[in-house]
Undergrad: 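My questions will all concern the structure given below.
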Amino acid sequence: MGNITIKHVRAFVLRGGGADYHDQADGHWIDDHISTPMSKYPEYRQSRRSFGINVLGTLVVEIEASDGTVGFAVTTGGEPAAYIVEKHLARFLEGARVTDIEKIWDQMYQSTLYYGRKGLVINTISGVDLALWDLLGKIRQEPVHQLLGGAVRDELQFYATGARPDLAQKMGFIGGKMPLHHGPAEGEEGLRKNLEELATMRERVGPDFWLMLDCWMSLDLNYATKLAIGAHEYGLKWIEEALSPDDYWGYAALRNNVPKGMLVTTGEHEATRWGFRMLLEMGCCDIIQPDVGWCGGLTELVKISALADAHNAMVVPHGSSVYSYHFVATRQNSPFAEFLMMAPKADEVVPMFHPQLLGEPVPINGRMRLSVLDKPGFGVDLNPACQLHRPYNR
Ligand SMILES: C[C@H](O)[C@H](O)[C@@H](O)[C@@H](O)C(=O)O
Ligand SMILES: [Mg+2]
């Protein structure tokens with residue numbers, strides 16, 4: 001085991017959903033007049049694809065070991081991420097031992113510090129890191145949750161993100177998170193529409209089902225405060241990612257402004273232990289939501305989670321398919337997980353990274369037995385029907 005080394009690293013790109021799950025066709029709920037920081041420009045208000053939310057595509061990282069085992073992972077990153085893997089990061093992997101995960105992470109992070117730290121570069125490092133964990137699990141014939149120290153629960157429970165929390169309730173999910181459709185540029189009328197949508201959904205689901213609003217970085221502090229106060233009568237459980245990821249000060253103020261009992265959450269566009277330290281030490285949120293494919297990978301998420309635990313904060317990773325399921329299963333401060341409803345009308349459960357991962361598990365009745373994850377690595381294979389393209393073949 002100790003002398004198995006990494007022989008090849010390959011970076012491919014894919015289009016059409018999958019890890020870049022915002023890359024969907026017209027008519028999908030996930031691209032239907034959702035409030036974003038670009039909504040102030042009317043020409044970019046209807047569709048997030050219009051301003052480029054799907055411009056990157058999926059990065060597929062494949063790592064082949066000296067014993068022939070291949071590990072892989074997918075994340076958001078596409079061609080620029082493939083360039084970084086092949087032209088920069090591969091040198092720290094090829095020839096290293098498959099167990100050198102911590103050292104490789106540090107070399108990838110430190111060597112890209114002059115142009116990385118957050119965003120695409122950390123997405124790329126995350127993809128490489130997840131592929132390393134998949135490879136190690138496949139060599140050791142162990143699921144990643146066992147490599148992490150083992151599960152603390154026999155079953156995962158999920159809330160659903162999508163346009164139809166009423167249908168999610170019927171499917172057995174523990175809650176429903178809706179996208180916010182109107183931002184500050186649409187004024188008081190837009191705020192009223194947001195609250196009417198919430199009121200309608202509360203009417204449909206009854207008083208106890210969790211309802212949350214995802215604001216995707218699109219609000220200002222005053223609007224977010226008014227929305228939270230207005231939403232309180234409809235039992236909003238949390239207001240998510242209301243402000244820019246860089247506005248730590250705004251989040252700290254929002255957390256003081258929201259009605260008692262309402263949670264403030266954020267973090268899916270934050271990166272590394274240092275970014276989450278800012279969120280935690282400045283008292284920005286009650287729940288952090290790192291995306292394991294964007295925050296630095298599993299090696300970094302373990303560090304972030306320990307920091308959050310010391311702050312009594314929950315860690316509910318942003319929906320990232322099997323990559324977050326194996327993690328959530330092993331953490332006491334991750335009591336539930338997110339499932340993104342990727343069916344265009346949010347009316348049925350389909351694999352989150354469809355069509356890229358063969359064997360990708362989905363919640364059944366809003367839950368997932370741990371046994372479903374008891375396969376080596378992350379327990380999925382790349383769909384051979386997906387047309388891989390390797391733009392920077394070496
Ligand atoms: C539903 C939201 O607008 C995003 O599309 C979603 O990806 C993310 O914010 C989430 O929390 O799932
Ligand atoms: Mg979100």
Side-chain angles (χ1 to χ4, degrees), residues 17-25 28-39 44-56 58 75-76 123 158-165 168 173-183 194 197-198 201 210-219 224 227 236-245 251 254 263-271 276 279 284-295 314-321 323-325 328 334 336-346 349-354 363:
D20 192 14
Y21 58 86
H22 287 113
D23 190 19
Q24 300 294 338
H28 197 293
W29 71 265
I30 209 165
D31 201 24
D32 180 14
H33 200 287
I34 290 176
S35 178
T36 80
M38 288 292 285
S39 298
Y44 295 118
R45 195 172 289 171
Q46 173 53 37
S47 157
R48 293 191 282 191
R49 282 175 300 145
S50 70
F51 72 71
I53 197 172
N54 63 331
V55 70
L56 291 176
T58 292
T75 188
T76 312
N123 284 24
F158 292 82
Y159 75 86
T161 296
R164 297 297 302 271
F173 289 96
I174 58 173
K177 182 169 77 181
M178 294 179 283
L180 189 77
H181 286 116
H182 307 285
N194 287 331
E197 287 176 25
L198 180 60
M201 210 44 80
W210 295 357
L211 286 179
M212 296 77 88
L213 279 174
D214 190 312
C215 308
W216 212 74
M217 307 173 277
S218 64
L219 309 180
L227 175 66
L236 188 73
K237 184 175 182 68
W238 75 62
I239 181 169
E240 179 168 325
E241 218 187 12
L243 310 174
S244 160
Y251 276 108
L254 178 62
L263 300 174
V264 173
T265 74
T266 193
E268 70 188 69
H269 295 107
E270 187 54 86
F276 285 92
L279 286 177
C284 297
C285 55
D286 302 282
I287 302 176
I288 61 170
Q289 301 167 304
D291 183 301
V292 68
W294 303 342
C295 72
M314 277 192 276
V315 179
V316 181
H318 170 252
S320 38
S321 186
Y323 303 112
S324 52
Y325 305 161
V328 167
S334 298
F336 53 89
E338 175 180 11
F339 185 76
L340 259 154
M341 299 294 279
M342 292 315 298
K345 301 298 178 199
V349 170
V350 299
M352 187 183 158
F353 282 176
H354 174 77

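Hydrogens, waters and symmetry mates are skipped; everything else that's a heavy atom, side chains included, is used. Residue numbers start at 1 and run along the sequence shown. Each ligand, and each atom within it, is numbered from 1 in the order the structure gives. In this text, all values refer to a predicted model and were calculated from it rather than measured experimentally.
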Undergrad: Is the Trp29 to His181 ring centre distance short of 6.0 Å?
TA: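 No, the ring of Trp29 stays outside the 6.0 Å limit from the ring of His181, centre to centre.
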Undergrad: Which atom, counting only N, O or S, brings Asp214 closest to the Mg ion (ligand 2)?
TA: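 Going through the N, O and S atoms of Asp214 one by one, OD2 ends up nearest to the Mg ion (ligand 2).
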Undergrad: Does the side chain of Ile30 come within less than 4.5 Å of Met342's, by heavy atoms?
TA: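 Yes; the side chains approach each other to less than 4.5 Å.
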Undergrad: Closest to the Mg ion (ligand 2), which N/O/S atom of Glu240 is it?
TA: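 Closest to the Mg ion (ligand 2) among those atoms: OE2.
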Undergrad: If you consider just the N/O/S atoms, which atom of Glu268 is the closest one to the Mg ion (ligand 2)?
TA: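 Glu268's closest N, O or S atom to the Mg ion (ligand 2) is named OE1.
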Undergrad: In the protein, what heavy atom is nearest to atom 12 (O) of ligand 1, and what distance, to one decimal place, separates them?
TA: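 Nearest protein contact, heavy atoms only, for atom 12 (O) of ligand 1 is Glu338 OE2, 2.5 Å.
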Undergrad: Indicate yes or no: at least one non-hydrogen side-chain atom of Arg45 is less than 4.5 angstrom from one of Met38.
TA: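 No - every pair of side-chain heavy atoms lies 4.5 Å or more apart.
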Undergrad: Could you check atom 7 (O) of ligand 1 against the protein and tell me its nearest heavy-atom contact, residue, atom and distance included?
TA: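 For this ligand atom, the closest protein heavy atom is Tyr21 OH, 2.6 Å.
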Undergrad: Using heavy atoms and a threshold below 4.0 Å, how should the contact between Arg48 and ligand 1 be classified: side chain, backbone, both, or neither?
TA: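 Just the side chain.
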Undergrad: Compute the ring centroids of His182 and His33, then answer whether they are less than 6.0 Å apart.
TA: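 When the ring centroids of His182 and His33 are compared, they turn out to be within the sub-6.0 Å range.
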Undergrad: Nearest protein heavy atom to atom 1 (C) of ligand 1, by residue and atom, and its distance?
TA: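 Result: Thr161 CG2, 3.8 Å.
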Undergrad: A side-chain contact here means heavy atoms from C-beta on lying under 4.5 Å apart; do Glu240 and Thr266 qualify?
TA: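 Result no, sub-4.5 Å side-chain heavy-atom pair not found.
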Undergrad: Out of Gln289, Lys177, Met217, Met341, whose heavy atom sits nearest atom 11 (O) of ligand 1?
TA: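 Result: the heavy atom closest to atom 11 (O) of ligand 1 is in Lys177.
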Undergrad: I need the nearest protein heavy-atom contact for atom 8 (C) of ligand 1: residue, atom name and distance, please.
TA: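 Result for atom 8 (C) of ligand 1: Glu268 OE2, 3.2 Å.
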Undergrad: Knowing that exactly one of Tyr325, Phe173, Phe336, Trp210 qualifies, which makes a ring-ring contact (aromatic ring centres under 6.0 Å, His included) with Phe158?
TA: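 Of the listed residues Tyr325, Phe173, Phe336, Trp210, the ring-ring contact (aromatic ring centres under 6.0 Å, His included) partner of Phe158 is Tyr325.
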Undergrad: Show the nearest heavy-atom pair for residues Ala224 and Leu243, with the distance to one decimal.
TA: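 Looks like CB-CD2, 4.4 Å.
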Undergrad: Fit a plane to each ring of Trp216 and His269, take the angle between them on a 0 to 90° scale, and name the class: parallel (under 30°), tilted (30 to 60°) or perpendicular (over 60°).
TA: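 The arrangement is perpendicular - the two ring planes meet at more than 60°.
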Undergrad: If I apply the N/O under 3.5 Å rule, does Glu240 come out as touching ligand 1?
TA: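 Among all N and O atoms of Glu240, at least one is under 3.5 Å from an N or O of ligand 1.
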Undergrad: I want to know if ligand 1 touches Trp29 in the polar sense, i.e. an N/O pair below 3.5 angstrom.
TA: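 No, there is no polar N/O contact under 3.5 Å.
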